[in-house]
Amino acid sequence: MKFIYILYFSLIVAALNANAQTIEQSPMTKAVIAVYDKMIEENPLDYETYYARATEYYNHDEYDKALEDIEKALRYAPDNAKNLKFGAYRLRASINEIKHLYSDALNDINSAIELNPESFACIQQRANIEYNLEKYSAAKADYITMLRAFPHNQEALFGLARVSVKENNFGVANDYADRAVDIAPSSAESYVRRAGIRTLMGNAEGAVDDYIIALTADNSSNGKALTALVDLANTNYPAVMNGLSRAIRQAPKVGMFYYIRAAISEKHNNYTSAISDYDKILNDRLYSYAGLNSALAKCFFALGQYDTALANADYAISATPDNAPYYALKADILNALGENAEALANATRALNKEPELVAALNAKADAQIALGDYNGASATLAEALLIEPANVDMLMKRGWLCEEKLNQPSIAKNMYEKVVEIKSEPSDVKSLRGFALVRLGRDAEADSWFTSLLNNQQDNDGTINYYAACYFADKGSLEKAADCMEKALEKGYANYHNWTTLKGAVTVEPLRETPRFKGYISRFAPIFNR
């Protein structure tokens, strides 16, 4: 079973649900677009080519360009071009759905249905749009129309299940969802979709069970099921852990379940549990994979057990000596051990193998800072930001470096302003917006941002309170910082490295010499495996 490939990469945000190839990345599509451009240049009223080009743009997620062409296709198409207009209205409805412009989408799909009243695909699309507009009665009527025409239509059954949840008819919703699964019981997608219904009903345990079934049903929806499971853990970590533990009790030799549980535990700062599961996979020979030793190295690094982390990183390197991220990880560990020259050498090795590896550039910059080469570190971070201009950690680190070490306030200000300008969800503490705001002198906005996070967001694993502790420590509000530290530790934020060693713009460093800090580190020693 190739589960390690599936799971390891699907747990990394950039590899989840990979986007379609852009037009610039596809030479063939680029050539097709060029032909369409030439045809339109020769005949600016060529509605068929506008429609064809719009379809091409749509297929490559270029929705605004597609909309422009659809508008022109509809404007120039004669009344008798009904098939083209039908397709154009459907396409525009789909784009408006994607853009969450549901009222516009409804108008377009109704226009398409007027041209072809027998199109059940349009009726199905209209039902989904009506559901998103909270027009549940209308959606229900369209789903029933679909079901009468096609009694084994899963979309109609799942649609009726969703409507039933909104009507608080949970028993009916369960019946519809179960009927939908019975139509294709060997398909992973069936269980992923039923899990969505169960999540709507607040049945997290049932949703987890469905996602786990999906992971074992087939490979077609593994990525979707795992992504959903990881997302659910962000809001209901205990339910996901309980479900995975049930699966392990029923199938104790399936390494995939241990791996998923370990990866989610690691993501939520529960490193001792993650280590236990990674060790189980290796010790019971459920799977052999150098990435497991890399994962162990990361966990031991987070727990501040640097020698054990280094041993695992070295093992991973010996197994796959050309893997650049492993050298970058080793560089991080060596930096924590104070072996900064050797860390720099390993970061350089990583960059020789993969010149645009941001993790290696980050480790290199940390080594340079520790060695007093502040200008070199600034240049390294600037290089990293050319590769990932929206990397808020790099922006904050370079801003801090320019402000604190290089006396370059204008560059620092520019870095902090970029952090603030980056669009992010208000609930995302890792956007670092509050840290940038306070360094820009916008204390009231920064305080408001953190207050909102602490009061309105569920902090399942202590991450929000950890960042709040960093924030208040940086501001000199050490009692508030200590209060947040206690809450973070109570919720299980077990990153000993971050608590005790990490330096820079986002850290609890000013808090470390206080009695409360030392007391909490001692009191919560078990979560650090100490």
I want to check something: taking the side chain as every heavy atom from C-beta on, are S431 and E425 in contact at a cut-off of under 4.5 Å? no
Compare every heavy atom of L454 with every heavy atom of C484, then report the nearest pair and how far apart it is. SG-CD1, 4.5 Å
Taking the six-membered ring for Trp and the full ring for Phe, Tyr or His, determine whether the centres of Y131 and Y136 are under 6.0 Å apart. yes
Which pair of heavy atoms, one from A207 and one from L232, lies closest together, and at what distance? CB-CD2, 4.2 Å
Heavy-atom neighbours of Q457 CD exceed 12 at 6.0 Å: yes
Answer yes if the side chains of N132 and E97 hold a donor-acceptor pair under 3.5 Å, and no otherwise. no
So do the side chains of L244 and I264 get within less than 4.5 Å of each other, counting heavy atoms only? yes
Decide side chain to side chain contact (heavy atoms under 4.5 Å, CB included) for N169 and V163; before the verdict, give the C-alpha distance in whole Å, the side-chain angles of both, and the deciding distance to 0.1 Å. CA-CA 9 Å; N169 293 325; V163 170; over 6 Å; no
Please name the pair of heavy atoms, one in Y58 and one in I95, separated by the smallest distance, quoted to 0.1 Å. CD1-CG1, 3.5 Å
Determine yes or no for a side-chain-to-main-chain donor-acceptor pair under 3.5 angstrom, with T320 supplying the side chain and I317 the backbone. no
Under-4.0 Å salt bridge between R349 and E342: yes
With a 4.0 Å cut-off, would you call R126 and D142 a salt bridge? yes
Close side-chain approach of F528 and I521, heavy atoms under 4.5 Å: yes
Under 4.0 Å between a side-chain nitrogen and a carboxylate oxygen: does that hold for K430 and D393? no
Under the criterion side-chain hydrogen bond (donor to acceptor under 3.5 Å, both in side chains), which of E155, R162, Q124 is the partner of Y143? R162
Okay, side chain of N362, backbone of V358: is any donor-acceptor separation there less than 3.5 Å? no
Identify whether the distance between the nearest side-chain nitrogen and carboxylate oxygen of K298 and D332 falls below 4.0 Å. no
Is there a donor-acceptor pair closer than 3.5 Å between any side-chain N or O of R530 and the backbone N or O of L303? yes
For a 4.5 angstrom cut-off between non-hydrogen side-chain atoms, does L296 reach I275? yes
Any salt bridge between R523 and E490, counting N to O under 4.0 Å? yes
Is there side-chain contact between K140 and L160, with heavy atoms separated by less than 4.5 Å? yes
Distance check, rounded to the nearest 0.5 Å: I213 atom CD1 versus S186 atom OG? 12.5 Å
Give a yes-or-no answer on whether the side chains of K353 and N323 include a donor-acceptor pair shorter than 3.5 Å. no
Decide salt bridge (Lys or Arg N to Asp or Glu O under 4.0 Å) for R194 and D210; before the verdict, give the C-alpha distance in whole Å, the side-chain angles of both, and the deciding distance to 0.1 Å. CA-CA 7 Å; R194 186 171 68 181; D210 270 344; 2.8 Å; yes
In terms of side-chain heavy atoms, does S190 have a donor or acceptor partner in Q154 at a distance below 3.5 Å? yes
Geometric class of the H497/F301 ring pair [parallel <30°, tilted 30-60°, perpendicular >60°]: tilted
Quick check against the 3.5 Å criterion: does Y327 have a side-chain atom that pairs as donor or acceptor with the backbone of P321? yes
Would you call E339-K330 a salt bridge at under 4.0 Å N-O? no
Flag, side chain of S522 to backbone of K518, donor-acceptor distance under 3.5 Å: no
Write down the atom of A290, the atom of Y326, and the distance for their closest heavy-atom approach. C-OH, 3.7 Å
Should F150 and F120 be marked as a ring-ring contact (aromatic ring centres under 6.0 Å, His included) after you check the CA-CA gap, both sets of side-chain angles, and the distance that decides it? CA-CA 10 Å; F150 305 99; F120 285 104; 5.1 Å; yes
On a heavy-atom basis, which atom in L432 and which in V506 lie closest, and how many Å separate them? CD1-CG2, 4.2 Å
Pick out which of Y496, Y493, Y520 makes a ring-ring contact (aromatic ring centres under 6.0 Å, His included) with Y466. Y493
Taking the side chain from T507 and the backbone from L502, do they hold a donor-acceptor pair closer than 3.5 Å? yes
Keeping N269 on the side-chain end and T463 on the backbone end, is there a donor-acceptor pair under 3.5 Å? no
Is there a side-chain contact between Y306 and T501, using heavy atoms and a 4.5 Å cut-off? yes
Would you name the heavy atoms of N335 and A363 that are closest together and state the gap between them? ND2-O, 3.1 Å
Check: R261 main-chain N/O paired with D277 side-chain donor or acceptor under 3.5 Å: no
Apply side chain to side chain contact (heavy atoms under 4.5 Å, CB included) to residues N270 and M241 and explain how you reach the verdict. CA-CA 11 Å; N270 191 347; M241 290 295 103; over 6 Å; no
Would you indicate whether the side-chain heavy atoms of I260 and L215 approach each other to under 4.5 Å? yes
Kindly assign one of parallel, tilted or perpendicular to the pair Y467 and F435, based on the angle between their ring planes and the thresholds 30° and 60°. perpendicular
Quick one, E134 with K166, criterion salt bridge (Lys or Arg N to Asp or Glu O under 4.0 Å). Give me CA distance, side-chain angles, the key distance, then yes/no. CA-CA 9 Å; E134 300 182 7; K166 296 300 182 180; over 6 Å; no
Under 3.5 Å donor-acceptor, R512 side chain and W499 backbone: yes
Show, in sequence, the C-alpha distance, side-chain angles and deciding distance for L344 and K364, and conclude whether the side chain to side chain contact (heavy atoms under 4.5 Å, CB included) test is met. CA-CA 5 Å; L344 185 59; K364 179 181 177 181; 3.5 Å; yes
Could you walk me through whether R516 and D483 pass the salt bridge (Lys or Arg N to Asp or Glu O under 4.0 Å) check? CA-CA 9 Å; R516 287 184 69 184; D483 290 342; 2.7 Å; yes
Under 3.5 Å, is there a donor-acceptor pair between the side chain of N495 and the main chain of N498? yes
Side chains of Y63 and D61: do they bring a donor and an acceptor to under 3.5 Å? yes
